[in-house]
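Here the structure is laid out as structure tokens; the discussion comes afterwards.
Sequence positions, counted from 1, serve as the residue numbers for this chain.
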Amino acid sequence: MASAVERFDDKARESFESVGHTTVYRGELLRHPVYTRVLHWMVALFFFLALFTGFAVYLPWLFRWFTPFFGGGPLSRVMHPWFGIGFVFFFGLQALNWLQPMIWTAADSNWTRNMGKIVSGEAKMDPPDTGFFNAGQKIQFWEIVGGCLAYLITGIILWAGARTFGRISVAISYVVHDISALIMLGGIFIHIYESTFGQPGTFQSMIRGAVSETWAWTFHPAWYKQVTGRDPQQACEEARRQMTTGSKP
């Protein structure tokens, strides 16, 4: 199964790289190839389309002002489940793409123990064993996996209605569906903050596909060492000396 997924991902990356391009300048590292970036933005697009049409369906008295963008209230109700299917589909591809690096390890447990210092800024660098993704990113990933399963199951029940699944199942599905959406929306707000203000330089990794070496050794030291073979702490100290003396690398 794992090899089949890897072959699929490799083929997809090759196909997308043939039509897209990632430029990595001096002092930068490749973070996300074209395929990953396309999936990320398709997931984001369908998430917000499903979110806005969902608000229009469940809270029309508050969000009816943007239903005209989707052709009105009735069409918003029709389009909502299709947007949801698009979201689950593209995130499913992203989940296969990221399955291996999202597996929880001892390094992630170490990251959570130091989370207070990391979030507060007391720790200037993430723990040395932080790999391609940190524990916070993995928690959100698996939260979205769970949310997608909840959306899919409850969405089918709501779509088919009480005649197929009964009124109790529909009532429970409404609650689970809405709670899952609110939890995921909260996670998305955190994600947006961390990718912009929380970890400056992260946003460009999903635009250009590359990050600076400074960003890599600061937030993902083990990944930096893996791809460069250099010690992240030494690289950081060397960069500081160069800034102090004004010399070039």
Side-chain angles (χ1 to χ4, degrees), residues 1 5 36 38-99 101-104 108-109 112 115 119 133-196 198 206:
M1 175 64 179
V5 171
T36 299
V38 169
L39 288 181
H40 175 272
W41 291 113
M42 292 303 292
V43 168
L45 173 65
F46 278 97
F47 172 79
F48 283 107
L49 288 174
L51 179 71
F52 293 147
T53 53
F55 280 157
V57 170
Y58 296 113
L59 296 170
W61 58 273
L62 184 61
F63 295 101
R64 65 177 182 273
W65 57 272
F66 59 63
T67 57
F69 292 105
F70 301 100
L75 190 56
S76 296
R77 180 179 293 273
V78 171
M79 295 303 297
H80 175 70
W82 293 106
F83 290 146
I85 290 174
F87 168 70
V88 172
F89 173 76
F90 284 109
F91 184 78
L93 293 178
Q94 191 70 290
L96 293 177
N97 184 38
W98 280 344
L99 189 60
M102 285 296 183
I103 295 175
W104 193 269
D108 301 310
S109 299
T112 57
M115 183 169 61
V119 174
F133 290 116
N134 62 41
Q137 293 167 319
K138 292 183 180 182
I139 290 172
Q140 184 175 35
F141 173 84
W142 291 110
E143 177 270 317
I144 297 176
V145 169
C148 284
L149 292 175
Y151 292 152
L152 193 60
I153 295 171
T154 59
I156 291 173
I157 293 174
L158 294 173
W159 206 350
R163 290 185 178 181
T164 303
F165 292 99
R167 287 186 295 178
I168 295 178
S169 297
V170 169
I172 294 174
S173 295
Y174 268 116
V175 175
V176 174
H177 203 81
D178 293 352
I179 291 175
S180 298
L182 291 175
I183 292 174
M184 191 173 295
L185 181 60
I188 293 299
F189 284 146
I190 295 174
H191 175 67
I192 292 174
Y193 169 78
E194 287 295 328
S195 62
T196 51
M206 276 299 174

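Side chain of Q137 to backbone of N134: a donor-acceptor contact under 3.5 angstrom is found. Looking at Y151, its side chain does come within 3.5 Å of a backbone N or O of A181 through a donor-acceptor pair. Proximity of a side-chain donor or acceptor of W98 to a complementary backbone N or O of T36 within less than 3.5 Å is not detected.
Here the side chains of C148 and F87 are in contact, with some heavy-atom distance below 4.5 Å. Within the 4.5 Å cutoff, the side chain of M79 has no heavy atoms near those of the F70 side chain. Side chains of L45 and F83 form no contact here, defined as non-hydrogen atoms less than 4.5 Å apart.
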Show, in sequence, the C-alpha distance, side-chain angles and deciding distance for H177 and L158, and conclude whether the side-chain contact (heavy atoms from CB on, under 4.5 Å) test is met.
CA-CA 9 Å; H177 203 81; L158 294 173; 4.1 Å; yes
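Closest of all the heavy-atom pairs between A135 and W104 is CB-CH2, 3.6 Å. Nearest heavy atoms, T164 versus A160: OG1-O, 3.7 Å.
Aromatic ring centres of Y58 and Y174 lie closer together than 6.0 Å. Within the 6.0 Å centre-distance limit, the rings of F90 and F46 are counted as a close aromatic pair.
Counted within 6.0 Å of CH2 on W159, heavy atoms from surrounding residues, nucleotides or ligands total more than 12; the atom is thus considered enclosed. For I103, the CD1 atom sits in a packed shell: over 12 heavy atoms of surrounding residues, nucleotides or ligands are nearer than 6.0 Å.
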